[in-house]
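It should be emphasised that the depicted structure is a prediction, and the values quoted were computed from it without experimental measurement. Numbering starts at 1 and runs along the sequence shown.
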Amino acid sequence: MAVFQWEGVSEFVAVVEAGGFTAAAKRLGISTAQVSRQVSALETRLSAKLLYRTTRRVSVTELGNTYYQRCRQLLDGLEEAERTITNLQNTPTGRLKMTAPVTYGERTIAPLVNRFLVRYPELSVTLHLTNQKLDLVEEGYDLAIRLGKLGDSSMMAKRLATRTQYVCASPAYLQTYGEPHSLSELDQHHCLPGTLDYWRFQEAGTVRNIKVKGRLACNSGPALVDAALCGIGIVQLPDYYVLPYIESGQLVSLLEHLREPDDGIWALYPHNRHLSPKVRMLLDYLSDELFCGDRN
């Protein structure tokens, strides 16, 4: 199969359309001598005279005009192909499969994904909410939202925002049992453990895991919030569970001087140097939206 050679084609088309070598060189951003050499080499390769040159003007031969018409069509097609690629790079299309933790996904990620879908109607998203750590590659996920400290992983990670852990209780509970001011006092209180039976704090620069117990243990954040609102005990949960209740006065923040530094909210995705536009743009969108919310 013969291989088409592009050398000289763009220069020739530019000379025809600009009406001369100097004007063509200016359009292409190269020297007049380079345009002349490329066009001469093209004529040699084709064994055809494409242009008449005089000291005053340049005109197109009959063969040159036929060749120009065909080349113009090819260049138009190439420009359209490049525009298509550029548009695809800036417009997410197709289907994207992602996963996120249940409560954070319901409250934060799903509403953002919904707005993203409204903005880009050619995109479809499968959003699987689960607290299980799924194998992204084996199960074909493009993206995962993970909370807290990341373990070792072959995945790429992008930090989207931070989360703050709060220890809090209702005013009614505190009126009955008093407010703890140290970690040792937690043993005297009704605590509400979640998935783990310990809470994390930082004391004198050292991270401490404090084992807690109480009348209720539950692996559901919303259920623990409701228990705290009912005055059953003290709870430790991330900001997206309890901050609205703290701001409204329904819960009271405790032990703030012993709070562990904020940890991360992450996007994980398979290692790939060239992210698809749909993943890249959703990542940028989530990062912008969550960063603004985190900052505010």
Side-chain angles (χ1 to χ4, degrees), residues 1-98 113 115-126 136-137 140-143 156 158 267 269-288:
M1 176 182 286
V3 178
F4 181 77
Q5 299 182 41
W6 282 101
E7 289 84 354
V9 173
S10 297
E11 291 82 357
F12 167 69
V13 170
V15 170
V16 174
E17 294 179 348
F21 286 85
T22 301
K26 186 176 181 180
R27 173 190 288 189
L28 296 173
I30 58 178
S31 68
T32 303
Q34 185 176 352
V35 173
S36 180
R37 283 196 300 271
Q38 291 283 50
V39 173
S40 295
L42 176 64
E43 289 180 318
T44 299
R45 190 170 76 243
L46 296 174
S47 299
K49 190 72 171 174
L50 303 177
L51 299 170
Y52 292 121
R53 303 167 177 82
T54 67
T55 56
R56 293 185 177 182
R57 61 190 297 268
V58 174
S59 58
V60 187
T61 67
E62 184 177 354
L63 280 176
N65 186 60
T66 300
Y67 189 68
Y68 164 76
Q69 298 296 335
R70 296 298 180 89
C71 288
R72 181 68 268 173
Q73 293 175 7
L74 289 173
L75 290 176
D76 288 342
L78 181 60
E79 291 171 3
E80 179 62 29
E82 291 186 354
R83 279 195 297 271
T84 299
I85 293 299
T86 299
N87 290 337
L88 287 174
Q89 290 290 86
N90 294 312
T91 303
T93 59
R95 177 165 292 279
L96 187 151
K97 187 177 181 182
M98 64 181 295
V113 169
R115 292 179 211 162
F116 193 74
L117 287 171
V118 170
R119 183 179 298 183
Y120 298 107
E122 295 183 19
L123 178 69
S124 299
V125 172
T126 296
L136 303 189
V137 174
Y141 283 92
D142 300 294
L143 186 64
M156 298 295 290
K158 178 181 176 68
Y269 50 95
H271 195 286
N272 190 337
R273 290 194 321 168
H274 302 290
L275 278 177
S276 65
K278 59 188 178 183
V279 176
R280 172 177 52 82
M281 293 185 69
L282 180 57
L283 272 175
D284 290 343
Y285 177 77
L286 292 176
S287 180
D288 289 344

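- With sequence neighbours left out, the side chain to side chain contact (heavy atoms under 4.5 Å, CB included) criterion links T44 to no other residue.
- Every residue meeting the side chain to side chain contact (heavy atoms under 4.5 Å, CB included) condition with V58, not counting sequence neighbours, appears here in chain and number order: V15, F21, L51.
- Identified under the side-chain hydrogen bond (donor to acceptor under 3.5 Å, both in side chains) test for residues 25-40, with sequence neighbours left out: E17-R27.
- Annotation: the span from R72 atom CZ to L74 atom CG amounts to 10.0 Å, rounded to 0.5 Å.
- Distance OG/S10 to CD1/I30: 9.0 Å, rounded to 0.5 Å.
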Problem - Verdict with supporting geometry, N65 and Q69, side-chain contact (heavy atoms from CB on, under 4.5 Å) - result: CA-CA 6 Å; N65 186 60; Q69 298 296 335; 3.7 Å; yes
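- Heavy-atom minimum distance, L123 versus P92: CB-O, 3.8 Å.
- Across A24 and V35, no two heavy atoms sit closer than the pair CB-CG1, 4.4 Å.
- Under the 3.5 Å distance criterion, the side-chain polar atoms of D142 are left unmatched by any main-chain donor or acceptor of M98.
- For the side chain to side chain contact (heavy atoms under 4.5 Å, CB included) test, residues two or more places apart in sequence or in another chain that qualify with L63 are A48, T61.
- F116 is linked by a ring-ring contact (aromatic ring centres under 6.0 Å, His included) to Y120, Y285, counting only residues two or more places apart in sequence or in another chain.
- Contact check for V60 versus Y67: no side-chain heavy atoms found under the 4.5 Å cut-off.
- Judged as a side chain to side chain contact (heavy atoms under 4.5 Å, CB included), and not counting sequence neighbours, the contacts of R95 are S124, T126.
- By the 4.5 Å heavy-atom criterion applied to side chains, V39 and L50 are not counted as neighbours.
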